[in-house]
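The basis for the numbers below is simple: all heavy atoms, side chains too, and nothing from hydrogens, waters or symmetry mates. Owing to the predicted nature of the structure, the values given are computational and were not obtained by experimental measurement.
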Amino acid sequence: MPTYRDEVVVLRTHKLGEADRILTLLSRRHGKIRAVAKGVRRTSSRFGARLEPFMVADVQLYEGRSLDIVQQAESLGSYGADIAVHYDRYTSASAMVEAADRLNEAEATAQQYLLLVGGLRALSRGEHAARSILDSYLLRAMALSGWAPGLGACARCGAAGPHDAFVAQLGGMVCADCAPTGSARIAPETARLLTQLMAGEWDDVDAASAGANAAASGLIAAYAQWHLERGIRSLSHVEGAR
């Protein structure tokens, strides 16, 4: 069988038999990979701890017919332990890897891999509020997949902004003429925060009010779930409090 190496993030795992696991991985060069890690649930496993969710590893795999087989794994980023001991970090990381798993194979690019690794690293270090890191990740992941929300001009007709209505189904901020009847209006601070989260302007993001953060989080969650077509179940566990 041919073998190959790649850098991967472990998105999720499933038990297989008494000692094995099936892994879903987002890789740097080969997109999403489903692979079997044999014997990793045994206490004597050489690399079981390196193949847990949120971990980043350099792996060598055999190419199989339906599932590849992990032969070796070297840790590149042990983020799981620091994430798991904080509820807000854990739930945000869970939503991030679930969103990454929703990507179509064609969208699982090196840029998506690097974005996820950066987000998990920031969560593990507690660099910013966990929900803000999640929100920024979701916006950028959507943009890399070709679904960047319109945050300036009207997403429907292109009329110059600023506008005060955000409609996920129409692609982002929309003008008064395009906004459906009854569309919720958002505050200018919330509109600015969406742009800051997309751009990674962290000084401004960290200084935003709790109300603006909560409003932005709700809009981003609705936008991501609309375009991914299936709900991100982990979002229901993400704490609203920052």
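Summarising the geometry, atom CZ belonging to R12 is positioned 15.0 Å from atom CD belonging to E52; distances are rounded to the nearest 0.5 Å. Here the OG1 atom belonging to T3 is positioned 12.0 Å from the CD1 atom belonging to I69, to the nearest 0.5 angstrom. Distance CD1/I220 to CG/L139: 4.0 Å, rounded to 0.5 Å. Atoms CG and NE2, on D20 and H14 in that order, are 14.5 Å from each other to the nearest 0.5 Å. To the nearest 0.5 Å, atoms CD1 (I22) and CG (L16) are separated by 4.5 Å. The CE atom of M96 lies 7.5 Å from the CD1 atom of I83; values are rounded to the nearest 0.5 Å.
Looking only at side-chain heavy atoms (C-beta outward), R28 and L114 come within less than 4.5 Å of each other. Residues I133 and R89 are not in side-chain contact: their nearest non-hydrogen atoms beyond the backbone lie 4.5 Å or more apart. A 4.5 Å side-chain heavy-atom check between D135 and L193 finds every atom pair outside the cut-off. Residues D204 and R192 fail the side-chain proximity criterion, which asks for heavy atoms closer than 4.5 Å. Under the 4.5 Å side-chain criterion, counting only non-hydrogen atoms from C-beta, D58 is in contact with R5. A heavy-atom distance below 4.5 Å is found between the side chains of E7 and L76. Side-chain contact check for K32 versus D101: some heavy-atom pair is nearer than 4.5 Å. Counting heavy atoms from C-beta on, the side chains of V56 and L116 never come closer than 4.5 Å.
At a cut-off of 3.5 Å, with distance as the only test, a side-chain donor of E189 or S209 sits close to an acceptor on the other residue.
Partner L120 forms a side-chain contact (heavy atoms from CB on, under 4.5 Å) with one of V9, D82, L115 and no other, that one being V9. Results of the side-chain contact (heavy atoms from CB on, under 4.5 Å) test with C154 over V174, D177, L170 single out V174 as the only residue that passes.
Here the closest heavy-atom approach between residue L51 and residue A73 is recorded as CD2-CB, 4.0 Å. Between S75 and R50 the shortest heavy-atom distance is N-CD, 4.1 Å. Contact record, A216 with T190: N-CG2, 3.8 Å, taken as the closest heavy-atom pair. Among all heavy-atom pairs drawn from C175 and C157, the shortest one is SG-SG, 3.7 Å. Of all the heavy atoms in Y79 and S124, the pair that sits closest is CD2-OG, 3.4 Å.
Hydrophobic clustering (ILVMFWY, side-chain heavy atoms < 4.5 Å, transitive): L235 and F54 are in one cluster. There is a path of hydrophobic side-chain contacts, each under 4.5 Å, that joins V97 to L228. Under a hydrophobic-cluster definition in which Ile, Leu, Val, Met, Phe, Trp and Tyr are linked whenever side-chain heavy atoms come within less than 4.5 Å, directly or via other members, L103 and L11 are assigned to different clusters. The hydrophobic cluster containing L67 does not contain L25, counting ILVMFWY residues as joined when their side-chain heavy atoms lie under 4.5 angstrom apart, directly or transitively. The cluster map of Ile, Leu, Val, Met, Phe, Trp and Tyr, joined by side-chain heavy atoms under 4.5 Å apart, puts M142 and V117 in the same cluster.
Here R131 does not pair with D88 in a salt bridge; the nearest charged N to carboxylate O distance is not below 4.0 Å. A salt bridge links R185 with D164: the distance from a Lys NZ or Arg NE/NH1/NH2 to an Asp or Glu carboxylate oxygen falls below 4.0 Å.
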Q.
Evaluate Y4 against D68 for side chain to side chain contact (heavy atoms under 4.5 Å, CB included), listing each step before the verdict.
A. CA-CA 10 Å; Y4 64 98; D68 296 348; 2.4 Å; yes
Q: Show the numbers, then the answer: is there a side chain to side chain contact (heavy atoms under 4.5 Å, CB included) between W202 and S132?
A: CA-CA 9 Å; W202 288 105; S132 294; 3.9 Å; yes
Q.
The test is side chain to side chain contact (heavy atoms under 4.5 Å, CB included); show your working for Y87 and H237 and say whether it passes.
A. CA-CA 9 Å; Y87 182 76; H237 302 293; 3.9 Å; yes
Q.
Evaluate H128 against V205 for side chain to side chain contact (heavy atoms under 4.5 Å, CB included), listing each step before the verdict.
A. CA-CA 9 Å; H128 309 284; V205 170; over 6 Å; no
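Residue pairs that meet the side-chain hydrogen bond (donor to acceptor under 3.5 Å, both in side chains) test with at least one member in residues 140-153, sequence neighbours left out, are Q112-S145, S136-R140.
Remark: R34 pairs with no residue by the side chain to side chain donor-acceptor pair (under 3.5 Å) rule, at least two apart or across chains. Applying the side-chain contact (heavy atoms from CB on, under 4.5 Å) rule to E98 yields the partners R102, I232, R233, S234; only residues at least two apart in sequence or on another chain are considered.
A donor-acceptor contact shorter than 3.5 Å is absent between the side chain of R156 and the backbone of A179.
Relative ring orientation between Y223 and F166 is described as perpendicular, the plane-to-plane angle rising above 60° on a 0-90° scale split at 30° and 60°.
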